[in-house]
There are 2 protein chains.
Amino acid sequence: MNEVAASRRQHGPGASRNYPKGERRRAQIIEAAFTAFGTVGYRNASMLQLAAACGVSRAGLLHHFPTKESLLEAVLEQRERRDDERFFGTGEATRDGLEYFASMLRLVAHNQDHPGIVSLFALLSSEASAPDHPAHPYFVARYERARCAMQSAIDDLAHRGLLRPHVDPVGLSVDLLALIDGLQIQWLLSPHDIDMPERLRARLRDIIKVELP
Amino acid sequence: MNEVAASRRQHGPGASRNYPKGERRRAQIIEAAFTAFGTVGYRNASMLQLAAACGVSRAGLLHHFPTKESLLEAVLEQRERRDDERFFGTGEATRDGLEYFASMLRLVAHNQDHPGIVSLFALLSSEASAPDHPAHPYFVARYERARCAMQSAIDDLAHRGLLRPHVDPVGLSVDLLALIDGLQIQWLLSPHDIDMPERLRARLRDIIKVELP
DNA sequence: CCTACCGATCGGTAGG
DNA sequence: CCTACCGATCGGTAGG
């Protein structure tokens with residue numbers, strides 16, 4: 001986690017009231033990078049082309065994001081923030097286990113329509129397993145948060161007696177997140193053979209007593 | 001899949017009787033590349049350093065493996081061949097479903113002692129999801145084979161009445177392979193929090209009536 | 001934010 | 001017409 005990303009996190013996204021032009025440009029760059037990374041991949045996207053797409057020079061781009069990796073981190077964070085808002089919101093999904101898994105199903109179905117994003121995250125989560133990778137702390141924290149949130153949803157279901165009797169809730173969040181990640185790999189390689197939401201739904205049907213929407 | 005790798009596959013590994021010196025050198029290079037890829041990663045390993053480690057020049061290295069990708073493919077194939085021989089053998093695992101999953105548990109336990117290899121495969125399976133990646137056909141075929149082999153094992157267990165009543169065998173091989181892959185990602189990021197063989201064993205306990213060794 | 005550049009390294013290929 | 005290399009260098013691109 002570099003200093004730029006860390007300092008930006010302190011005052012949150014888009015919260016720099018004093019430099020509206022800089023924030024707009026920054027948002028534009030993140031948007032362009034998001035598209036580029038998701039289509040041609042991270043490595044094949046060049047900072048020069050990205051700068052050109054945003055109407056700035058490479059040096060101008062480097063003013064906002066001093067390294068390519070820092071831009072990558074910003075893209076990842078925005079993506080996660082958007083997914084959270086769109087699929088989990090600030091509403092019931094954080095407390096209601098059924099709502100949580102319904103949201104998860106919608107997210108996985110959405111991912112199946114956007115291979116570029118899925119590919120980007122799959123690639124980066126592997127790259128970032130190297131301890132010296134700039135996005136390593138981000139991904140470690142991301143999975144810890146994901147496991148924690150999902151385990152809360154599972155505990156809620158267990159408390160309401162909605163888990164089937166054979167299910168062991170201990171470590172179930174690890175298994176289900178692993179299933180989702182692993183399905184992405186097989187789906188990326190054989191998109192016509194693998195149906196991610198269908199597989200996840202089948203697994204959830206084996207875990208939860210009631211049918212999800 | 002380039003021509004060199006394709007022609008080598010025709011007569012199998014180490015089967016070029018006429019050029020023992022070349023085969024030895026080739027094996028030495030694969031061994032060195034295997035170590036290098038597994039420690040510093042594929043992209044960070046340079047052909048020049050690899051050549052030096054084998055006591056040949058870069059041009060000499062390129063004589064045996066005309067591209068870095070072709071060397072990568074040779075490493076992947078050797079790794080898969082060794083794993084298959086070591087953990088699945090030519091024996092019971094190809095017919096006995098219980099033996100198959102016992103072997104799978106041993107393989108996963110073995111992987112947990114070799115993070116470099118796990119990291120390499122995780123990284124490459126993501127990279128290779130790009131249709132124009134040299135290892136794309138290899139990984140597509142690899143997963144198809146893996147699903148087929150595992151589904152045979154599952155069908156054997158179903159036929160012998162060893163699956164628990166709530167289990168749906170359809171697509172179960174997809175789910176279990178996804179679980180294994182996904183566990184690797186989380187384990188690479190948080191090795192102290194995730195126990196891959198333990199999680200797989202727990203999942204198999206929920207599927208199979210008898211306890212695996 | 002700009003132009004004008006840097007030191008280093010990549011994978012691949014030439015002739016012999 | 002083969003294997004097993006060599007020293008030298010190609011054009012292009014990376015992040016800064």
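Below, chain A is the first sequence line, B the second, and so on; all start at residue 1. Values below: all heavy atoms of this structure, side chains included; hydrogens, waters and symmetry mates excluded.
- Taking atom CD of B/Q49 as the reference point, atom C1' of C/dT9 lies 11 Å away to the nearest angstrom.
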Using a cut-off of under 3.5 Å, enumerate the N/O to N/O pairs linking the protein to nucleotides 5-7 of chain D.
unit_1	atom_1	unit_2	atom_2	d
D/dC5	OP2	B/R25	NE	3.2
D/dC6	OP2	B/S57	N	2.4
D/dC6	OP2	B/S57	OG	2.3

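- Of the C1' atoms belonging to D/dC5 and C/dG15, the separation is 13 Å, rounded to the nearest Å.
- Within the 4.0 angstrom heavy-atom criterion, no nucleotide atom of any strand lies near A/L48.
- The distance from atom CZ of A/R24 to atom C1' of C/dC1 is 15 Å, rounded to the nearest whole Å.
- Every residue was checked against the salt bridge (Lys or Arg N to Asp or Glu O under 4.0 Å) condition with A/D155, not counting sequence neighbours, and none meets it.
- By the salt bridge (Lys or Arg N to Asp or Glu O under 4.0 Å) test, B/R106 pairs with B/E99, sequence neighbours left out.
- With sequence neighbours excluded, no residue forms a salt bridge (Lys or Arg N to Asp or Glu O under 4.0 Å) with A/D168.
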Between side-chain atoms of residues 27-36 of chain A and protein atoms elsewhere (two or more places apart, or another chain), which donor-acceptor pairs fall under 3.5 Å?
unit_1	atom_1	unit_2	atom_2	d
A/Q28	OE1	A/R25	NH1	3.0
A/E31	OE1	A/R82	NH2	3.0
A/T35	OG1	A/E31	O	3.1

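- In terms of modelled atom types and a separation under 3.5 Å, the side chain of B/S190 and the main chain of B/D193 share no donor-acceptor contact.
- With sequence neighbours excluded, the residues forming a ring pair (Phe, Tyr, Trp, His ring centres under 6.0 Å) with A/H110 are A/F87, A/H114, listed by chain and number.
- The interatomic distance linking A/M47 (CE) with D/dG15 (P) rounds to 7 Å, in whole Å.
- Residues satisfying the salt bridge (Lys or Arg N to Asp or Glu O under 4.0 Å) test with B/D181, not counting sequence neighbours, are none.
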Both atom distances under 3.5 Å, Watson-Crick or G-U wobble: I'd like the secondary structure of DNA chain C as a dot-bracket string, with | for pairs made across strands. ....||........|.
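- One interatomic measurement links the two molecules: CG of A/L50 to P of D/dT13, which rounds to 15 Å at whole-angstrom precision.
- Legend: salt bridge (Lys or Arg N to Asp or Glu O under 4.0 Å) pairs involving residues 133-147 of chain B, not counting sequence neighbours, sorted by first then second residue: B/E80-B/R142, B/E80-B/R145.
- For B/L62 and D/dA8, the CG to P distance is 17 Å, given to the nearest whole Å.
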